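What follows is a set of notes on a single structure, which appears directly below.
Nothing here was measured: the structure is a model prediction, and the numbers come from that model.
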Amino acid sequence: MAQYTPTLNPPKTLIPKLSNPNPSFSSFSTFTIPKPKSINFPKFSISVTAAQNQQHQQQPPSLEALINSDRKEEVLGVIKSSSSHCLSETNLHLTVPGLKSKTRGKVRDVYDSGDYLVMVTTDRQSAFDRILASIPFKGQVLNETSLWWFDKTRHITSNAVVSAPDENVTIAKKCSVFPVEFVVRGFVTGSTDTSLWTVYKNGVRNYCGNVLPDGLVKSQKLPANILTPTTKAADHDVPVTPDEIIERGLMTQAEYDEVSRKALSLFEYGQCVALEHGLILVDTKYEFGKGQDGSILLIDEVHTPDSSRYWIAHTYEERFQNGLEPENVDKEFLRLWFKDHCNPYKDEVLPDAPEELVCELAWRYIFLYETITKSKFKLPSTEEPIHDRISRNVAQALSSLTR
């Protein structure tokens, strides 16, 4: 929904180039951090999780379920057979009558239909402000995860969703998009240049208007959730303070106050829901826009594994106290792989992501969807080419909306 600059390197063909048949992404204990000294930080209670599990006689998500389960074996077989059929690019403006233009974002292809925007979530995988790979079924996971959260968060804010005619498609109201991304963080972590841990270890103690104390360590829970807004410059995100947002005319004070309040409420609600399902919502980003009636609407995506970081809850505290990375269910291990094998910010050509890593990430996205929504991910039929399916479904939906 947000208008991104299209100057991104195109998706790569995934050709395995593994010198090590057992890449390090499969081991959560590979990475270590300095064991914290005496630190008083808020306990992350999982009593809600325990109550839920007792009621439904379910176990919380575990490393074993993520790494080795019958469901994983079932899904991996389909993922591997679909790796050459990823939805890396769409051209609906050539196949669907009435679509006027195409804007290619990092992950989404956005089409103008006149009255609405048609957003197609592709399988492109982005990080470090560029495209790293294409991940089977990723677009469907992101679209359906967002739709689930859009529905669950209507009590906090209205959103721009009109309909979802296809697994990879959302049709939305046109909005005037605020040129600010609202990043909300509950923990000190991250590996990109704008992540909280990166800037903190480099000595920054006032970040986006938040004063941070000395002595924090990686993966530590913050005393309270914080907002660290960013704005776009060329192809990368730039941290910005609330005062700068107002001074530069990016938002009015009233708009910023309303959006920041909604962003923090969304994140707090997301943390509660995630924890009930055995997960920690670590950080995320939100985008908002103004509808034609002047109302502020939530747009783009909500609490997806692309926009958010998730950890497994019941092992977090023990691993933190022992100086180990939390067990994660997001794309962080993909970021770390690229940082270990190249300079993803400066290298003109990036290495191809190993096929095993691509399949593992596809599984983790599906695992997260099923864990959060408590529903089984529907693996799409391969009988009809995905672009043909999307074209047919979008054409039918637009025809119904314009009657």
Side-chain angles (χ1 to χ4, degrees), residues 1-4 99-103 105-121 139 142-166 168-184 225 227-232 237 240 242 245-246 248-271 273 281 283-304 306-308 372-373 394 397-398 400-402:
M1 200 172 299
Q3 302 300 306
Y4 297 103
L99 292 185
K100 299 179 180 180
S101 62
K102 170 187 174 180
T103 301
K106 293 176 183 176
V107 175
R108 289 168 181 81
D109 291 341
V110 182
Y111 297 89
D112 186 343
S113 74
D115 294 328
Y116 307 100
L117 292 179
V118 176
M119 300 187 302
V120 184
T121 310
L142 296 193
N143 193 55
E144 294 185 344
T145 300
S146 284
L147 290 169
W148 189 88
W149 281 108
F150 276 128
D151 182 61
K152 297 294 183 182
T153 56
R154 292 180 186 274
H155 65 290
I156 299 174
T157 180
S158 300
N159 59 65
V161 175
V162 174
S163 67
D166 184 271
N168 289 69
V169 178
T170 294
I171 296 179
K173 300 174 185 177
K174 281 188 171 180
C175 295
S176 174
V177 179
F178 294 119
V180 177
E181 291 189 354
F182 281 75
V183 181
V184 189
N225 297 328
L227 271 173
T228 59
T230 63
T231 187
K232 294 289 181 182
D237 299 336
V240 62
I245 291 172
I246 308 306
R248 292 165 57 182
L250 303 178
M251 303 176 75
T252 67
Q253 186 68 58
E255 289 168 343
Y256 178 82
D257 289 345
E258 180 177 347
V259 171
S260 60
R261 183 173 62 252
K262 287 183 173 181
L264 287 167
S265 295
L266 285 165
F267 188 66
E268 183 178 356
Y269 177 74
Q271 285 185 311
V273 172
L281 177 60
D283 52 39
T284 195
K285 66 95 177 171
Y286 305 106
E287 294 190 49
F288 293 84
K290 262 194 171 181
Q292 295 180 352
D293 61 356
S295 61
I296 291 179
L297 304 174
L298 179 63
I299 64 172
D300 202 49
E301 61 183 319
V302 193
H303 299 162
T304 70
D306 247 24
S307 65
S308 313
I372 287 290
T373 67
V394 169
L398 292 178
S400 299
L401 287 171
T402 55

Requested in this report: May I have the step-by-step check of side-chain contact (heavy atoms from CB on, under 4.5 Å) for Thr373 and Glu144, ending in yes or no?
Outcome: CA-CA 10 Å; Thr373 67; Glu144 294 185 344; over 6 Å; no
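Between Leu147 and Asp151 the shortest side-chain heavy-atom distance does not fall below 4.5 Å. At a threshold of 4.5 Å between non-hydrogen side-chain atoms, the residues Glu301 and Asp306 count as touching. Contact annotation: the side chain of Thr230 never approaches that of Lys285 to less than 4.5 Å [non-hydrogen atoms, C-beta and beyond]. In this structure the side chain of Asp112 reaches within 4.5 angstrom of the side chain of Lys174, judged on heavy atoms. Asp115 is not listed as a side-chain neighbour of Leu401, based on a closest heavy-atom distance of 4.5 Å or more. Put simply, the side chain of Lys152 reaches to within 4.5 Å of the side chain of Tyr269, judged on heavy atoms. Using a 4.5 Å cut-off on side-chain heavy atoms (C-beta onward), Tyr286 and Phe267 make contact. Looking at heavy atoms from C-beta onward, Ile171 lies in side-chain contact with Leu398 at the 4.5 angstrom threshold.
For Thr304 against Thr145, the heavy-atom pair with the smallest separation is CA-CG2, 4.1 Å. Looking at every heavy atom in both residues, Leu297 comes nearest to Asn159 through CD2-O, 3.9 Å. Nearest heavy atom pair, residue Glu181 against residue Asp237, reads OE1-OD2, 4.1 Å. Residues Tyr256 and Pro242 approach most closely at OH-CG, 3.1 Å, considering heavy atoms. The heavy-atom pair separating Val162 from Ala172 by the smallest distance is CG2-C, 3.8 Å. Contact detail for Asp300 and Glu287: the closest heavy-atom pair is OD2-OE2, 3.3 Å.
Judged purely by atom type and a 3.5 angstrom limit, Thr153 has no side-chain atom pairing as donor or acceptor with the backbone of Ile156. Not one N or O on the side chain of Ser176 forms a donor-acceptor pair closer than 3.5 Å with the backbone of Lys290. For Thr284 (side chain) and Ser307 (main-chain N/O), a donor-acceptor pair under 3.5 Å exists by modelled atom type.
Counting heavy-atom neighbours within 6.0 Å of Glu268 CD, excluding the residue itself, gives a total of 12 or less.
One finds the CD1 atom of Ile299 at 9.0 Å from the CZ atom of Phe178 (value rounded to the nearest 0.5 Å). With rounding to the nearest 0.5 angstrom, the CD1 atom of Ile296 is 8.0 Å from the OG1 atom of Thr157. Rounding to the nearest 0.5 Å places CG of Asp283 at 10.0 Å from CD of Gln271. Lys102 contributes atom NZ, which lies 4.5 Å from atom CG of Asp109 (distance to the nearest 0.5 angstrom).
When only modelled atom types and interatomic distance are considered, Asp293 and Ser295 share a side-chain donor-acceptor pair under 3.5 Å.
Partner Tyr111 forms a side chain to side chain contact (heavy atoms under 4.5 Å, CB included) with one of Thr103, Val120, Val169, Leu117 and no other, that one being Val120.
In this structure, His303 and Trp149 have perpendicular ring planes: the angle between them is above 60°, well past the 30° mark.
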